[in-house]
Structures are given as structure tokens and as C-alpha cells.
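The block underneath contains the structure these notes are about, expressed in C-alpha cells.
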Amino acid sequence: KRVAILISGGGSNMLRLLDSMTGDHPARPVLVGSNDPTAGGLAKASARGVPVFSVDHRDFASRADFEAALLPPLLEAGPDIICLAGFMRILTSDFVRRFEGRILNIHPSLLPKYPGLHTHRRAIEAGDAQAGASVHQVTADLDAGPVLGQARVPVLPNDTSDTLAARVLVQEHRLYPAVLRRFAENDPTPVLLGD
Ligand code: GRF
């Protein structure tokens, strides 16, 4: 299976995905792209010999125009699976429909709780005992597709959003590769980590 990964920043999740696709793993990375030409993850992917590209979303007046520029390199790479990893742009339903059911995303909350932004702060303010991350299939609705795996962590009394984010990120790095492997093997068993 051919995997393309889209990032917006440092790409720590992208890196774990790249490093997981070795040996008898049924998937191989074919492309890493970003909406930000300065994304630190692009150099990391390049250093691992993965082709990279970027399309600066600020150069485009609309989401549709940006996606029209994002599509050609993706279609050329011909991915079977697209992994969004710290990708901070919302994709239109037209784009999602082109890759229906083959786009994964990692979101730093226990979906369906806290779709959208500032997830850790919201969990702390709600007094939740647990927080975590979810990998889900991307649909036209933000952070709403079928959940393929979750990792749970405790919320500690003096947690800030930074300390909680750091604890969750460690689990994201375990969760995403595990979900990608099962997804690439067409194994529908959900990945459930922590507690
Ligand atoms: C992570 O918190 C992830 O949950 C969110 O983007 C953040 C940064 O991810 N999607 P990465 O280090 O760029 O992979």
C-alpha cells in the first residue's frame, strides 16, 4: 500500500509513521506534503529519502483553489492511503470524496469529545479524569468520521494544556503507527491503548 502524509508543522507523528513502515509492513511512504513550505517535518521526510512537496495555502483565495494545487502531486504519487498528521487545514467534501474512506487523521482528544481546537484546555476545564488522542477516518464533517483507534491518558491535578499535550503526544506516536498498520492490512479491529 502507498501512503502519502500531509503535515503543517514539525511532523512528529509523520516521523513515527515513516519509521514504522519497514520490514513486512504492508505500506510504504511515497510522499510527504505540507500547506506550509517552512514546515520542519519536510526536511525530516527528505532526510529519510521520501519525496516532499508544499503548497502554501496563503497563496490561494479559496479552499477549493488551494486543494486544486494540492491534488496534482498527490494524484501523481497515487496513494492508497493519505494520513493527515498535524495537518491544520480543513479539507472540503469534494477533496475528501476523491479519497473516500482512505484518509486518516489523528486528533488530540477522545472523540467524539472535543472536535476542533484547544482540546486539552477543554478537557482540563471540564474536569475530565482522562484525555487522549483518536485516529479516525476523515469525512466531510470535521473530526467526525469512524474512530479506528484511541489512546487514553490520565489528566493530573496540576496539568496545564502543555503538560497534558505532551503526555498525549507520546501516546499519539504509539497509536498512529498501530492504526495505520491495521488499516493497511484491512484489519478493522480498533486499537485501544492506555487504561
Ligand atoms: C499533535 O498534537 C496532533 O495531535 C495534532 O497536531 C499536533 C502536532 O502534531 N494533530 P505533529 O507533531 O506535527 O505530528
Side-chain angles (χ1 to χ4, degrees), residues 3-21 27 29 31-48 50 52-57 70 79 81-91 95-96 103-125 128 130-139 141-156 159-181 183 190-194:
V3 173
I5 306 174
L6 297 180
I7 65 172
S8 295
S12 72
N13 278 290
M14 175 270 304
L15 212 50
R16 272 55 179 204
L17 292 176
L18 291 187
D19 293 346
S20 75
M21 289 183 264
L31 186 65
V32 169
S34 181
N35 63 295
D36 179 346
T38 71
L42 292 172
K44 295 174 191 166
S46 249
R48 282 164 174 71
V50 180
V52 298
F53 80 96
S54 66
V55 174
D56 192 333
H57 68 276
L70 190 68
I81 302 168
I82 297 177
C83 291
L84 308 183
F87 185 67
M88 302 308 279
R89 306 303 297 169
I90 295 175
L91 296 166
F95 184 96
V96 171
I103 310 179
L104 305 184
N105 180 46
I106 187 157
H107 178 75
S109 81
L110 296 173
L111 291 173
K113 292 180 95 169
Y114 316 129
L117 297 174
H118 312 303
T119 60
H120 303 306
R121 191 185 73 205
R122 291 153 70 190
I124 292 168
E125 286 174 355
D128 293 352
Q130 289 190 320
S134 307
V135 175
H136 63 97
Q137 285 189 3
V138 172
T139 62
D141 303 319
L142 183 65
D143 299 330
V147 172
L148 301 176
Q150 286 197 319
R152 291 174 176 277
V153 300
V155 179
L156 302 178
D159 261 334
T160 64
S161 54
D162 286 348
T163 58
L164 181 53
R167 188 174 311 121
V168 171
L169 194 60
V170 171
Q171 298 308 317
E172 292 179 27
H173 294 163
R174 298 174 60 217
L175 178 66
Y176 214 164
V179 171
L180 174 60
R181 176 144 195 166
F183 191 76
V191 177
L192 301 174
L193 305 178

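First listed ligand is number 1; within each ligand, the first listed atom is number 1. Just so it is clear, the structure is predicted and the values come from calculations on it, not from any experiment. Residue numbers count from 1 along this sequence. Quick note: numbers below take in every heavy atom, side chains included, and nothing from hydrogens, waters or symmetry partners.
- Contact between Gly116 and Asp143 at its shortest, heavy atoms only, is N-OD2, 2.8 Å.
- Inter-residue side-chain proximity for Glu172 and Leu169 is flagged as met; some heavy-atom pair is nearer than 4.5 Å.
- Once rounded to the nearest 0.5 Å, the distance linking NE2 of His57 with CG of Leu70 reads 12.0 Å.
- Residues His120 and Asp159 form no side-chain contact, since every pair of their non-hydrogen atoms from C-beta on lies 4.5 Å or further apart.
- Smallest separation of non-hydrogen atoms from Ser8 and Phe87: OG-CA, 3.4 Å.
- Rounded to the nearest 0.5 Å, atoms CG (Asn105) and CG (Leu6) are 10.0 Å apart.
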Show me the short polar-atom pairs for ligand 1: any N or O of it lying under 3.5 Å from a protein N or O, with distances only.
| residue | atom | partner | partner atom | Å |
| --- | --- | --- | --- | --- |
| ligand 1 | 4 (O) | Glu172 | OE1 | 2.8 |
| ligand 1 | 4 (O) | Glu172 | OE2 | 2.9 |
| ligand 1 | 10 (N) | Ile106 | O | 3.3 |
| ligand 1 | 12 (O) | Ser12 | N | 3.1 |
| ligand 1 | 12 (O) | Ser12 | OG | 2.6 |
| ligand 1 | 13 (O) | Gly11 | N | 3.0 |
| ligand 1 | 14 (O) | Ser12 | N | 3.2 |
| ligand 1 | 14 (O) | Asn13 | N | 2.8 |
| ligand 1 | 14 (O) | Asn13 | ND2 | 3.1 |

